[in-house]
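Below is one structure, written out as structure tokens, with a few remarks after it.
Below, each value reflects all heavy atoms present in this structure, side chains not excepted, and no hydrogens, waters or symmetry copies. Being a predicted model, the structure only gives us computed values, none of them experimental. When a residue number appears, it is its place in the shown sequence, counting from 1.
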Amino acid sequence: MEQTVLRDRYGRVVTYLRVSITDRCNLRCFYCLPRDCGLSRSAEQLDFDELTAVVKAGVALGISKIRITGGEPLVRPGVIEFVRTLRSLQGITDLALSTNGTLLGDHAAALKDAGLMRINVSLDSLRPTVFRAISGRNELDRVCAGISAARAAGLHPIKLNVVVMRGVNDDELPAILDFAAQQGAQARFIEYMPLGVGQRWEASYVSRAEILTRIRARLHGEPPRRQPGDTATYYALRNGGEVGVISPVSCRFCDLCNRLRLTADGKLRPCLTSEGEVDLRAAIRPRVSSAALCACFHAALAGRPQTGRYDTTPDRILAGPRPMAAIGG
Ligand code: SAM
């Protein structure tokens, strides 16, 4: 039997679904989920049966990689069982989760036991005052303990995602590389994106070129490596490890885009930067139907632009589209 694929009109095959299971978060990172940001009502969130049906439909159409994200996915009760359910589905070859790490100390072992394959932890600063200034909370110690717990539980690889911001944490990059090496983790430096709430974006943005300059002394100098389906470019480090740099602003990778996103309130998003969404929740309530789900995936596929576009007009950055916490990163 021929393998089904989701191919868009530009020839790109979609194999990756990012599933935001909540827009709630126990941190308030100013670039992601500002204090006055509206959240969806719980009735607007898909329940785990609905989420599982969406994933199953995606897998039947050719999705093989799932990332559970949020908001903070570990604040939603039932997430461990959801991981277990997804792991039992045939056709998923990569099952990952993105977290801010604050609750990992409690959940790392259970996540591993449920079948989670790998984990990304956000860590923007190793300085308690800076961590608090970014996230609004004094949780740095808990995040570090969570990373250790993930390692002890055997979750591997652990990737540490760092949004690099000028005047905030851009002087910490070598220290973060050292910390990652101590933890057996890999740091990934991400360009700050002008999405939804990045009111300080223009002044804070640091390009990939500048990130590389700041860590030049640590780089081995070999040509960088790119993994198919991955948004990061990897650079060898002198200490034997690698660092990833993700440059969605200065060096777009739309030609390689293999993903769709399911928002916390049940919308399928064809592209991170565009506002067109498919209302999957409306299509599956009151009754989940595979045909309706299949139609939603194809509608989202049809909505994929050749190239995404950030609207960096200051008013637009402030007003919308959605905070990243609702999209899932
Ligand atoms: N709570 C989880 C976490 O902390 O990873 C998952 C959700 S969070 C929205 C996913 C990722 O998006 C995080 O690594 C976060 O730093 C990143 N992110 C959010 N807003 C961003 C922005 N404006 N530019 C770049 N990355 C951003």
Q. Near Arg285 CZ, under 6.0 Å, is it more than 12 heavy atoms from other residues, nucleotides or ligands?
A.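 Count over threshold, so yes.
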**Q.** Sequence neighbours excluded - ring-ring contact (aromatic ring centres under 6.0 Å, His included) pairs with any residue from residues 67-87
**A.**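 Of all non-adjacent pairs touching residues 67-87, those that pass ring-ring contact (aromatic ring centres under 6.0 Å, His included) are Phe48-Phe82.
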Got a list of side-chain donor-acceptor pairs under 3.5 Å for residues 106-117, not counting sequence neighbours?
unit_1, atom_1, unit_2, atom_2, d
Lys112, NZ, Gly154, O, 3.3
Asp113, OD2, Arg84, NH2, 3.3

Q. Hey, are the side chains of Val121 and Asn161 touching, using non-hydrogen atoms and a 4.5 Å cut-off?
A.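 In short, these two side chains do not touch, never coming nearer than 4.5 Å.
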Q. Taking the side chain as C-beta and beyond, is there a heavy-atom pair between Arg118 and Leu155 under 4.5 Å?
A.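 The answer is no, as the side chains (C-beta and beyond) never meet within the 4.5 Å cut-off.
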Are any side-chain N or O atoms of [X] and backbone N or O atoms of [Y], one a donor and one an acceptor, separated by less than 3.5 Å?
{"X": "Asp279", "Y": "Lys267", "result": "no"}
{"X": "Glu72", "Y": "Arg24", "result": "no"}
{"X": "Asp230", "Y": "Gln227", "result": "no"}

Q) Does NZ or CZ of Arg225 lie under 6.0 Å from the centre of the six-membered ring of Tyr234, at an angle within 45° of the ring axis? A)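 Output yes; distance and angle both within limits.
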Q. Can you list the residues that meet the ring pair (Phe, Tyr, Trp, His ring centres under 6.0 Å) rule with Tyr205, with sequence neighbours excluded?
A.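 Counting only residues at least two positions away or on another chain, Tyr205 forms a ring pair (Phe, Tyr, Trp, His ring centres under 6.0 Å) with Trp201.
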Q) Between the side chains of Thr263 and Glu277, does any donor sit under 3.5 Å from an acceptor? A)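 Checked: Thr263/Glu277 side chains show no N/O donor-acceptor pair below 3.5 Å.
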Q: Identify whether Val278 and Leu272 are in the same connected component of the hydrophobic contact network (ILVMFWY, side-chain heavy atoms under 4.5 Å).
A: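 No, Val278 and Leu272 fall in different hydrophobic clusters.
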